[in-house]
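Okay, structure first, notes after.
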2 protein chains.
Amino acid sequence: MSHVPDQPAQPDPSLRLLWRHRSGGGEEPKARRGPKQKVSLDEVVDAAVDLADAEGLAAVTMRALAQRFGLGAMTLYTYIPSRDALLVLMADQAVGRTEVPDLPEDPRERLELVARVQHDELRAHPWLLEVQDVRPWLGPNMSDRYEWQLQAVDGLGLTDLEMDQTVAVLIGFAGNIARSELMKRRAEQVTGMTEAEWWEANYETLNEVMAGTHYPLANRVGTAAGEAYQAATDPARELDYGLARIIDGILAHVRK
Amino acid sequence: MSHVPDQPAQPDPSLRLLWRHRSGGGEEPKARRGPKQKVSLDEVVDAAVDLADAEGLAAVTMRALAQRFGLGAMTLYTYIPSRDALLVLMADQAVGRTEVPDLPEDPRERLELVARVQHDELRAHPWLLEVQDVRPWLGPNMSDRYEWQLQAVDGLGLTDLEMDQTVAVLIGFAGNIARSELMKRRAEQVTGMTEAEWWEANYETLNEVMAGTHYPLANRVGTAAGEAYQAATDPARELDYGLARIIDGILAHVRK
DNA sequence: ATTTGTTCCGTACGGCGTACGATATTTTTT
DNA sequence: AAAAAATATCGTACGCCGTACGGAACAAAT
């Protein structure tokens, strides 16, 4: 049992960084001592977001990011304590970039909007899907967003707990769609083929290797999907379908 | 435009590895030339799964895995072409470990079972959530599972495409619950505090930093959640609630 | 003028995946 | 029986990564 003795549980340092713009009314520029910082923290975080948008989260290395400003790698550590802390700031900053529309009156449209905003955002910043693994941190922009999401489900007759869970279901679903889109794009990038090309290239091998095993339903469904997805885009339909079912279920519950 | 000339699109090498046990009826042990392998590929993959279960996916390094067998790191590359390929094999092998129950007759129970099996599996092998980012590969065990999932939604009156999408919604939702459980566990591990302790430790800072901003709904909902989750476990309820809504929506759709 | 707290940055450490080449071991061919 | 070919093992090394550390340049407080 390793038990750190009686540390009074330090408050999380990321919190003050996250809320650096809004924290306390007291403006105290409080001239610092050493040389002036060549860039601002916001510029750093913004550049990191841009980099992640353009080349993926893996491309956001300390060295690469520092180089964008002509700084040495270690200099970044006067701005942020660690790369993980940077990711948290990036996530909140990215969320801050999307401006949420006003909520319509129709309940169905409101729920749908919550999901679609989430989906669009994750399409714009797919790396958010990876950062969420780190933590769903409570920065100012994420807090604003959450409040907005709760507004969307407020007044429907849900309990407080159900409001939270309903939002979770909606944005979780949107996240799953975004994730499958991301995986598809990545697969095409890695293999250098489209999905259709991959299937063609592996058709023979698959038949050979799966000889003796039968997947009647999977084959039928797979064929249907293959034909359908040649014309129309797949994940858009997935989103429409799933969202309709989920919202049906939610509204039915409220009107029980 | 970097365009590889006219390679006839090599079939994916992972496929043969994935199906190594079932591929073609022809048994041909075909004595290999060099020294015998000290362990089998299955042992390697099994060990990797165990390691990931116990210490997380990050602990599955080539060196650590090789050491388990007293092998040098590079020796593993005679078993698998790359770490990524290993992850694919691990995923399929892990899926193969869970034995799926027979499908009940009641439609609602069937849909619920699909989600709960997925959820339980991801609780047993949380690292699958990270591997899915790599790819949802079609190994034998995954294929079996998919066929089983389609059986669960067969005969409900869904179109072929809808069957696929319905399964996706259900297992996606289960994955989201599992992911939030995982994040919670990780957060407790990293910070060394329970969620309640974290809130207590940061209560003051949060109030200070959020002064001037008001989140009426988030506060109300957060308080409700805080009180409720002291007694009952949270994600279990989330699963029950969301699953009920989703299945309601699906069944309403087929009985339209 | 001196002290003190910052910023900047070069160097270095340990860890990762894995390319490469040497060596040992087994089967196949002669 | 000997030589050749193919395979397994593994030590070394390269280029990445995050980041600990220490020194130098700098600006404000003393």
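Every chain is numbered from 1, with letters handed out A, B, ... down the list of sequences. Hydrogens, waters and symmetry mates play no part in the numbers below; they use all other heavy atoms, side chains included.
Mapped onto DNA chain D by nearest heavy atom, A:A73 and B:R33 fall at different nucleotides, with B:R33 at the one closer to the 5' end. Along DNA chain D, the nucleotide nearest B:T78 and the nucleotide nearest A:R83 are compared for position; the residue whose nucleotide lies closer to the 5' end is B:T78. Between B:Y77 and A:K36, the one whose closest nucleotide on DNA chain C sits nearer the 5' end is A:K36.
Rounded to whole Å, the distance from CD on A:Q37 to P on D:dC26 is 16 Å. Rounded to a whole Å, the CG atom of A:L76 is 14 Å from the P atom of D:dA20. Whole-Å rounding puts the B:Y79 OH to C:dT18 P distance at 17 Å. With rounding to whole Å, B:L41 atom CG is found 12 Å from D:dA8 atom P. When rounded to the nearest whole Å, the span between CE of A:M74 and C1' of D:dC17 equals 13 Å.
In this structure, A:R186 does not pair ionically with A:E195, as no charged nitrogen and carboxylate oxygen lie closer than 4.0 Å.
At the phosphate of C:dT7, OP1 or OP2 sits under 4.0 Å from a side-chain N or O atom of A:R32. For D:dC10, the OP1/OP2 oxygens have a side-chain nitrogen or oxygen of B:K38 closer than 4.0 Å. For the pair A:T75 and C:dT7, the criterion of a side-chain N or O lying under 4.0 Å from OP1 or OP2 is not met.
A side-chain N or O of A:E181 and one of A:H119 form a donor-acceptor pair less than 3.5 Å apart.
Across every non-hydrogen atom of B:Y79 and B:K38, the tightest pair is OH-N, 3.6 Å.
A:M62 contributes atom CE, which lies 12.0 Å from atom OG1 of A:T75 (distance to the nearest 0.5 angstrom).
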- Apply side chain to side chain donor-acceptor pair (under 3.5 Å) to the pair B:E121 and B:T98, showing each step before the final yes or no. CA-CA 7 Å; B:E121 182 167 88; B:T98 41; 2.5 Å; yes
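Annotation: proximity of residues 42-72 of chain A to DNA chain C (heavy atom, distance under 4.0 Å) is found for A:R63, A:L71, A:G72, numbered in ascending order.
Partners of A:R20 under the side-chain hydrogen bond (donor to acceptor under 3.5 Å, both in side chains) rule, at least two apart in sequence or in another chain, are A:D42, A:Q93.
Looking at A:N141, its side chain never comes within 3.5 Å of a backbone N or O of A:V95 through a donor-acceptor pair.
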